[in-house]
2 protein chains.
Amino acid sequence: MIKKVTIKDVAHIAGVSVSAVSRVFNNYGDISEETRKKVYQAAQILDYTPNNAARQLSSKKKRIIALILNEINVTPGVAMPLEILGGVNDYLDKTDYEFVFYATNSNKQKQKSLKQFCSERDISGLIIQGLRVTDPYYEELKNFPLPVVAIDLLLQNEKVGSVSIDNQAAAAEVTTRLIKAGAQNVLFVNGTKEAIVSQLREKGYRSATRNPKVIYAEFSEEFAYKMILNYPSLESVDAIFAASDLMAIGIIKALRERNINKKIAIVGFDDITLASYITPTLTTVRQDIKKISQEAAKDLLLQIEHGEIKKHTVPYAIIVRESADI
Amino acid sequence: MIKKVTIKDVAHIAGVSVSAVSRVFNNYGDISEETRKKVYQAAQILDYTPNNAARQLSSKKKRIIALILNEINVTPGVAMPLEILGGVNDYLDKTDYEFVFYATNSNKQKQKSLKQFCSERDISGLIIQGLRVTDPYYEELKNFPLPVVAIDLLLQNEKVGSVSIDNQAAAAEVTTRLIKAGAQNVLFVNGTKEAIVSQLREKGYRSATRNPKVIYAEFSEEFAYKMILNYPSLESVDAIFAASDLMAIGIIKALRERNINKKIAIVGFDDITLASYITPTLTTVRQDIKKISQEAAKDLLLQIEHGEIKKHTVPYAIIVRESADI
DNA sequence: CTGAAAGCGCTTACAG
DNA sequence: CTGAAAGCGCTTACAG
């Protein structure tokens, strides 16, 4: 058990009042150099650290940002949530906001509303990622009383900020480049209809081709693998564009097994680590997750402090590797 | 701004005292069914959630577990911290402990001691991972006043619990099996001398071979790649055992470029996702991180509640793939 | 520049 | 079974 040192102890040792100590620790201007020194010394001696809970409770201005990650462990091998965590955390470390991490899933969402979470923790704003349109929190965000920045999620609600790449443009560009490179028929293997990113990527794809063909593989390598293994008319497909690298990997596996004797170009999406390690290395759309998450944090602070709400788009890059020369 | 609903409001609406409301929310036994009902109704109507900070401040029994992850974003592509996060979080979700996540690094460690962190957040116990022997927190843990379980880190301090695989035994087994499979000379590519896991793996390796040869590659793919590319006497090496998969991958790349005309068996460590995707697929030692992190959480609660301290070992598995038939 | 005091939203002996 | 009251460790008007 740590023996609790409180502000009173410090005040006592320093020979000043409790309020003086508080002012010193909060860097108020109206404190004499002498008092400041005495307080620091006393704090030093006692190894004092102000208690967070008490601070939160008594202070008007709470400065706590929550990062909410949905379905954190569905796809082992994809480190995106970790990158977001790191990015947001790093950014917030440089500010005087507290950082709180919260992992959720559709089940937990049913038990506790976003608002409940926020009010029990005194949250002043949040960054949220991984929500599907079927999630309770998605519904709740449509009208939410706190500043929010969503990653990879565009809401009709104009009061919710967002940061992501331009998914539609990226998908359109990939499709166009595939076609230019000679692919007459590009098959689009999408994730799920429920994910906004899927919807946008599909939109981009459809805008770029005259004969769209779309199938859905739940963002799962396994699913994509099976679907392509059993895909009836592969002869009429010159290229496959997958809405995630993981699905692209499943597709590559399936094609290898089917032993198709023409070359089918494959493009993925995300540029996960695997993309540059598999054979053939994967052409894909890179998202700079680090950048996205830092921008999200930055935008949130802007929203909290100045009420500025941004729908923010971050550049993407098409990384050309062996699987498709586009 | 969320309008704050407090316990007073609930008490008022329910027509009972504040203490009655508190008792209901804390599931005390001595409450009449009637009061309970009135309180629930009022809470329902007002959409009341108890405030965490106030609870923490006033309650004797704090129940907050911190997960401290060190150097979270050094190795992109390795999702281990994420798995730990998920594992601990999942386990704690089933208990009535709060979960707090904290990312640190050697720089932050210098600014704020572990004890400071714990007392400012009212932490009652912690799980810590990724520490190196050169980290300030490593020093601090040698004599720490709170329950701690370390992952992948054995401290001389018998009051600190730990969970990991038996690194030494695993390394010994791999080495022995390589030798049995015909490798006369096994080169061990270790991580850093500062990591306890490196020390243990090296110990295991040395215990199993008569002519040990060890080099250090900082757990870096790049380093390992370069070291093997320039390794002078590769003719006398039949097998290479790397202390991490990432290094093994670097080694594979280097060997491919050097165009060695004998087959050198490669074994890695960790079984990261990449291991089963690269060519050749990698023989390696699997750690069940999910399991390790859940056991760590479980052990910590045991320690907090019953003072039981465990040095806990979890089974490992040797996964044989193409890179080494052992 | 400084201190006394009220208050933040809870919990928990205590008395009844 | 219930309520009044003290207290948790801070912050912040307020008065001087």
Side-chain angles (χ1 to χ4, degrees), chain A residues 1-39 42-43 46-64 96 98 116 118-124, chain B residues 1-39 42-43 46-64 96 98 116 118-124:
Chain A
M1 190 57 227
I2 296 181
K3 171 182 128 283
K4 231 177 201 166
V5 177
T6 75
I7 196 171
K8 272 189 193 170
D9 304 318
V10 178
H12 185 237
I13 299 286
V16 299
S17 73
V18 162
S19 22
V21 177
S22 175
R23 284 197 203 94
V24 169
F25 270 86
N26 289 292
N27 285 317
Y28 281 32
D30 58 342
I31 283 284
S32 72
E33 205 34 56
E34 209 199 322
T35 304
R36 192 179 298 280
K37 233 174 242 156
K38 283 193 288 185
V39 168
L46 297 173
D47 192 16
Y48 168 71
T49 340
N51 179 273
N52 249 260
R55 258 186 155 161
Q56 257 181 64
L57 190 58
S58 59
S59 178
K60 313 282 105 177
K61 42 174 183 257
K62 35 187 194 147
R63 299 175 145 275
I64 307 177
D96 58 341
E98 283 278 324
Q116 274 171 356
C118 289
S119 76
E120 91 184 13
R121 309 280 275 256
D122 292 319
I123 302 299
S124 44
Chain B
M1 191 55 228
I2 296 182
K3 172 184 127 280
K4 232 176 199 166
V5 177
T6 74
I7 197 171
K8 273 189 193 171
D9 304 317
V10 178
H12 185 238
I13 298 286
V16 299
S17 73
V18 161
S19 24
V21 178
S22 174
R23 284 197 203 95
V24 169
F25 269 86
N26 288 292
N27 286 315
Y28 280 34
D30 58 342
I31 283 285
S32 73
E33 206 32 58
E34 210 198 322
T35 305
R36 194 178 297 280
K37 233 175 244 157
K38 283 193 288 185
V39 168
L46 296 174
D47 192 15
Y48 168 72
T49 339
N51 179 274
N52 249 263
R55 260 187 152 160
Q56 256 182 63
L57 189 58
S58 60
S59 178
K60 314 281 103 176
K61 44 174 182 257
K62 35 182 194 152
R63 298 174 146 277
I64 308 177
D96 59 341
E98 285 276 325
Q116 275 172 355
C118 288
S119 77
E120 90 184 13
R121 310 280 274 255
D122 292 318
I123 301 301
S124 43

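Here is how names work: the chains are called A, B, and so on, in the same order as the sequence lines, proteins then strands, and each is numbered from 1.
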Item checked: Salt-bridge present (A:Arg36, A:Glu33; N to O < 4.0 Å) -> yes

Item checked: Shortest non-hydrogen contact between A:Val18 and A:Ala11, atoms and distance -> N-CB, 3.8 Å

Checklist line | salt bridge (Lys or Arg N to Asp or Glu O under 4.0 Å) partners of A:Asp9, counting only residues at least two apart | finding: none

Notebook entry, point to check: To the nearest 0.5 Å, how far apart are CZ in B:Arg63 and OG in B:Ser124?
Noted result: 8.0 Å

Notebook entry, point to check: Roughly, in whole Å, what's the span from CD in B:Glu33 to C1' in D:dT2?
Noted result: 16 Å

Next item on the list: Could you run through nucleotides 6-13 of chain D and give me one letter per nucleotide, 5' to 3': B if any protein heavy atom sits under 4.0 Å from the base, S if only the sugar-phosphate is that close, - if neither?
Entry: -BBBBBBB

Note to self: Does either side chain, that of B:Asn51 or that of A:Asp122, offer a donor lying less than 3.5 Å from an acceptor on the other one?
What the structure shows: yes

Note to self: Are the side chains of B:Val39 and B:Val16 in contact, using a 4.5 Å heavy-atom criterion?
What the structure shows: yes

Checklist line | Whether B:Asn26 side chain and B:Tyr28 backbone form a donor-acceptor pair below 3.5 Å | finding: no

Check: When you check the gap from the basic side-chain N to the acidic O, do B:Glu98 and B:Arg121 get nearer than 4.0 Å?
Finding: no

Checklist line | Pair assignment for DNA chain C - dot-bracket with | for other-strand partners, Watson-Crick or G-U under 3.5 Å | finding: |||.||||||||.|||

